[in-house]
Amino acid sequence: MEFEPVIGLEVHCRINTKTKMFCRCSNTIFNAEPNSHTCPICMGFPGMLPLINEEAVKKAIKAALALGCEIPGFSKMDRKSYFYPDLPKGYQISQYDLPLSKKGRVTITLKDGTVKEIGVTRLHIEDDAGKLTHAGDSTLVDFNRSGTPLMEIVSEPDLRSAEEASSYARQLQKIVRYVDCSDADMEKGQMRFDINVSVRPKGQKEFGVKAEVKNLNSFWSLEKCLEYEIKRQIETLENGGKIAQETRGWDDKTGVTVSQRSKEEAADYRYFPEPDVPPLVVTRAMVEELRKEIPELPEAKANRYQAQYGLSAYDAHLLAEDSSLAAYFEEANKVSGQPKKTANWLLSELMGLLNKNSLTIADSKLSAANLGKLVKLVEDGVITGKIAKEIFPELYEQNADPEKFVKEKGLKVMGDTGELEKICQAVIEKNAKTVVDFKAGNERAFGALIGQVMGATKGTANPKTVNEILRKLLS
Ligand code: ADP
Ligand code: ZN
Ligand code: MG
């Protein structure tokens, strides 16, 4: 029997505000001295009064809008109670039944070019807990992270493979960064994933029983953990076993998940409305104000590149998803006036060279204007595509102006058709047999003749012109 995975992700991103969610402690905590960014509010002292951070709410709304979410006019905070040493209040202030936003979507593009829309159930806000460090026999607690603002983005169970889940998570990272609502740096703990995964026989409508794995903190772990968990579940079912609804833990070192908590032992969070934080009333005017601050997003940009420039969906997405790459493309295109060719040169030649050296577009020595000029030289027939590719590495290294470079090296297309005609004539005379083949209807023989002429001109002839001359001489 063939099985199909069903995956839903809950992604936490730290909102990049200046201060924490409910107090005015600094939210810049990376590498800070433990417990140096704390106060009675984020330490959960009795009688403390939280005051919600307006910047955090606005940034979360902005991110939600970028995910195409609806923003209801009314939402509220709820207490989510559980006991843990890094949670001195005894509860997180989160959102339960009335989240800040809901019903969004994220478009992903897979390696094979498939484009798929993934539903976003909701984006809500909450405060983070502190952090425990186990050192030998003792455990240390750092409350710097306590009370930092999070947005939790919950997906619909629309993902069907580790690749889709990873692509979705990467897309989320890009979007929250695009709108500058989270730095989403996983090495700094600013983005974490909880995965929910089940499998079902292919063709079955109902979902299988899901297992949850919490707190994955890299794309690598996300992919490896999903691959492992999907395989484990399929093997369990194939061996006649059953999947338990449970929370499992993942270990990067061993590469396996282990059961942590069954459904029966699942935490009962006893959600109830947070009495110390008034409900959030979000006016339409505020939503529209925030919507204006959102730049053109990758998806819209990709659609525009297809409509306006006639790029393929694949190229358009590749360019649009990285704002620096998109900016480079637009600048080069302004010079070349050849969007498709520019995209080709940028994505294959330049990116190929950069990737080989583990560099990004920001590291490119060649300016966008010079790439644009090179494309234009080829398109105007000043140099051949072959020559352009040959000189590309040198142009790149020197960030050379292609026009000057070509002039200095005498690489221009042989403009003198008289001379070219002589060369063509010579080739025809030397290749009598090929000519006979061509006249007998063999088009490949014609290709061979063009090759001969190109060789004789060291590639400086324009193949189109050679084609025309040869056909004229042979007709
Ligand atoms: P819970 O009640 O366990 O929190 P939710 O319905 O809130 O479950 O969903 C949590 C996450 O699990 C969401 O991302 C959702 O898409 C995903 N999910 C729900 N059911 C399944 C399933 N059967 N298989 C995989 N993922 C699922
Ligand atoms: Zn504080
Ligand atoms: Mg839930």
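Counting starts at 1 for both ligands and their atoms, following the listed order. We use all heavy atoms of the structure for the numbers below, so side chains are in, but hydrogens, waters and symmetry mates are not.
- Not one N or O of Glu10 is nearer than 3.5 Å to an N or O of ligand 1, by distance alone.
- Residue Gly8 approaches ligand 1 through these ligand atoms, each under 4.0 Å from one of its heavy atoms: 14 (O), 16 (O), 17 (C), 26 (N).
- Atom numbering of ligand 1 starts at 1 in the shown order; those under 4.0 Å from a heavy atom of Val6 are 24 (N), 25 (C).
- We find that Lys376 and Glu379 are not joined by a salt bridge, their nearest charged nitrogen and carboxylate oxygen being 4.0 Å or further apart.
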Verdict with supporting geometry, Glu296 and Tyr178, side chain to side chain donor-acceptor pair (under 3.5 Å): CA-CA 9 Å; Glu296 185 183 34; Tyr178 238 82; over 6 Å; no

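- Close contacts of ligand 1 with Pro157, meaning ligand atoms under 4.0 Å from a residue heavy atom, involve 16 (O), 27 (C).
- With a 4.0 Å cut-off on non-hydrogen atoms, Asp158 does not touch ligand 1 at all.
- At a threshold of 2.8 Å, the Zn ion (ligand 2) has a backbone or side-chain N, O or S atom of Cys23 nearer than that distance.
- Among the candidates Arg170, Lys116, Lys111, the single residue satisfying the salt bridge (charged side-chain N to carboxylate O under 4.0 Å, His left out) test with Glu164 is Lys116.
- How far CG of Leu353 is from CD of Glu397: 7.5 Å, rounded to the nearest 0.5 Å.
- For Gln245, no nitrogen or oxygen atom sits less than 3.5 Å from a nitrogen or oxygen atom of ligand 1, counting backbone and side chain alike.
- Aromatic rings of Tyr309 and Phe329 (six-membered ring for Trp) have centroids within the 6.0 Å cut-off, being under it.
- An N or O contact shorter than 3.5 Å links Gly208 to ligand 1 by distance.
- With respect to Glu246 and Arg248, a salt bridge is recorded, a charged nitrogen being found less than 4.0 Å from a carboxylate O.
- Using a 4.0 Å cut-off between a side-chain N of Lys or Arg and a carboxylate O of Asp or Glu, Lys386 and Glu390 qualify as a salt bridge.
- Here is the list of ligand 1 atoms found below 4.0 Å of a heavy atom in Val154: 13 (C), 14 (O).
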Stepwise side chain to side chain donor-acceptor pair (under 3.5 Å) check, Asn333 with Gln338: CA-CA 6 Å; Asn333 183 46; Gln338 296 283 341; over 6 Å; no

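- Counting atoms of ligand 1 from 1 in the listed order, those under 4.0 Å from a heavy atom of Phe207 are 23 (N).
- For ligand 1, the atoms lying closer than 4.0 Å to a non-hydrogen atom of Glu156 are 16 (O).
- At the Zn ion (ligand 2), the angle from SG in Cys25 to SG in Cys42 is 110° when rounded to 10°.
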